[in-house]
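The first residue in the sequence is number 1, and the count goes up from there. In listed order, ligands and their atoms are each counted from 1.
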Amino acid sequence: MKLLISVRSVEEALLAADGGADFIDLKEPGAGALGGLPVATIREIVAALRRHRSGLPVSATIGDVPMHETQRIAACVDAVGACGVDYVKVGIERVPQAPGVLDALAASGWPVVPVFIADRGLEPAHVAHACALRFPGVMADTFDKRAGSLFDALPMDALREFVATVRAAGKMAGLAGALRAVHEPLLRALDPDFAGFRTAVCAGDRSTALDPRRLRALSALMHGCAPAAVDG
Ligand SMILES: O=C[C@H](O)COP(=O)(O)O
């Protein structure tokens, strides 16, 4: 299982790369679950990572754009995709517009990873719809980070079904949502392709700075080379 770490700056990106991240995810954690960074910042981080850590895959979010704002979503995907990232992450709410938005994202030509917002449960038909389209990966994440973790939002059966559906379609399955070291056994049981973290690698809430000590401990745990990790 690979480790995705969300970062907001060049400094954090290089710390994450040195600390064991397998995917570097660019977002502004203080601006919402999928808070977007300015494109100039995304470009700057991508350039630094390509210079120093050329092989690491990089994703970036477009921000928490409401699903009915289809033109804004398309414009943000174009802007972020043009920054040279490997993946563009777009939040998918559980609303009737979801299949239409997914169709538009798949037609965008960019390597989009739809991120299903799981706070109100997942709609299996929407996940199946995404899996039938040309996306490299599909994720589940939570919006309200104070309401507990992904494991509070969804039962294990639903998570198991999500991972199985995505992987059966030949795509990477990713899980996130205020995950912590204590969730490692549950994550191992589900065995997604990657798990995403921000809250767990900050000393305060997810909008505070990335803490290299917490990251190293989490990385060792997730990569199977340490007993307990820093948590809480
Ligand atoms: O994409 C992953 C998220 O940034 C994880 O953030 P979180 O651990 O605060 O839910």
Side-chain angles (χ1 to χ4, degrees), residues 1-9 12-13 15-17 19-37 41-42 45 56-65 80 85-93 111-120 122 135-154 159 162-163 166 171-184 186-187 190 192-212 214-215 217-219 221-222 229-232:
M1 186 180 2
K2 296 201 163 149
L3 182 62
L4 175 147
I5 298 293
S6 298
V7 302
R8 61 151 68 91
S9 63
E12 285 195 352
L15 276 176
D22 302 301
F23 287 86
I24 306 292
D25 178 49
L26 313 187
K27 71 169 50 142
E28 173 42 67
L34 292 169
L37 286 165
T41 307
I42 297 175
I45 302 173
L56 269 188
V58 184
S59 62
T61 58
I62 65 159
D64 289 316
V65 185
V80 172
V85 297
D86 298 291
Y87 306 106
V88 181
K89 285 169 62 183
V90 180
I92 305 294
E93 298 167 68
V112 171
V113 171
V115 181
F116 284 95
I117 305 300
D119 300 47
R120 296 193 297 120
L122 296 175
F135 298 121
V138 181
M139 280 189 76
D141 195 351
T142 57
F143 185 82
D144 183 357
K145 305 297 182 182
R146 291 162 309 178
S149 76
L150 180 70
F151 292 102
D152 298 302
L154 292 180
L159 288 166
F162 173 80
V163 171
V166 173
K171 303 176 190 309
M172 289 185 296
L175 299 178
L179 300 174
R180 291 183 178 274
V182 70
H183 298 122
E184 184 257 357
L186 294 174
L187 287 167
L190 292 167
D193 294 282
F194 63 94
F197 296 85
R198 174 71 195 188
T199 302
V201 293
C202 296
D205 69 33
R206 70 198 299 273
S207 69
T208 60
L210 186 148
D211 176 352
R214 283 170 192 270
L215 172 58
L218 181 69
S219 168
L221 181 71
M222 296 298 290
V230 175
D231 207 348

Enquirer: Could you check whether the rings of Y87 and F23 sit parallel, tilted or perpendicular, using 30° and 60° as the cut-offs?
Expert: tilted
Enquirer: Taking the side chain as C-beta and beyond, is there a heavy-atom pair between R198 and L210 under 4.5 Å?
Expert: yes
Enquirer: As an exercise, identify every atom of ligand 1 less than 4.0 angstrom from a heavy atom of K27.
Expert: 1 (O), 2 (C), 3 (C), 4 (O)
Enquirer: Identify, by atom number and element, the atoms of ligand 1 in contact range of D25, meaning under 4.0 Å from any of its heavy atoms.
Expert: 1 (O)
Enquirer: What atoms in ligand 1 come closer than 4.0 Å to a heavy atom of A176?
Expert: 2 (C)
Enquirer: Would you give the length of the straight line joining atom OG1 of T142 to atom CG of L179, rounded to the nearest 0.5 angstrom?
Expert: 7.5 Å
Enquirer: Working note: L190 + F162, criterion side-chain contact (heavy atoms from CB on, under 4.5 Å); need CA distance, chi angles, decisive distance, verdict.
Expert: CA-CA 10 Å; L190 292 167; F162 173 80; over 6 Å; no
Enquirer: Assess A178 for proximity to ligand 1: is some non-hydrogen atom of it under 4.0 Å away?
Expert: yes
Enquirer: Against heavy atoms of G177, which atoms of ligand 1 measure under 4.0 Å?
Expert: 10 (O)
Enquirer: I need the atoms of ligand 1 closer than 4.0 Å to a non-hydrogen atom of S6, numbered in the order shown.
Expert: 1 (O), 2 (C), 3 (C), 4 (O)
Enquirer: Are F197 and L215 side-chain neighbours, meaning at least one heavy-atom pair lies under 4.5 Å?
Expert: no
Enquirer: Any side-chain heavy atom of L15 within less than 4.5 Å of one from I5?
Expert: no
Enquirer: Give the numbers and elements of all ligand 1 atoms closer than 4.0 Å to a heavy atom of L4.
Expert: 1 (O), 2 (C)
Enquirer: Please state which protein non-hydrogen atom is closest to atom 6 (O) of ligand 1 and give its distance, to 0.1 Å?
Expert: R206 NH2, 3.1 Å
Enquirer: In the protein, which heavy atom is nearest to atom 1 (O) of ligand 1, and how far is it?
Expert: K89 NZ, 2.8 Å
Enquirer: Are side-chain heavy atoms of R8 and P29 found at a separation under 4.5 Å?
Expert: yes
Enquirer: Looking at atom 9 (O) of ligand 1, what's its closest protein heavy atom, distance included?
Expert: T199 OG1, 2.5 Å
Enquirer: Would you say R198 has any N or O atom under 3.5 Å from an N or O of ligand 1, going by distance alone?
Expert: yes
Enquirer: Hey, is NZ on K2 packed in by over 12 heavy atoms from elsewhere, all under 6.0 Å?
Expert: no
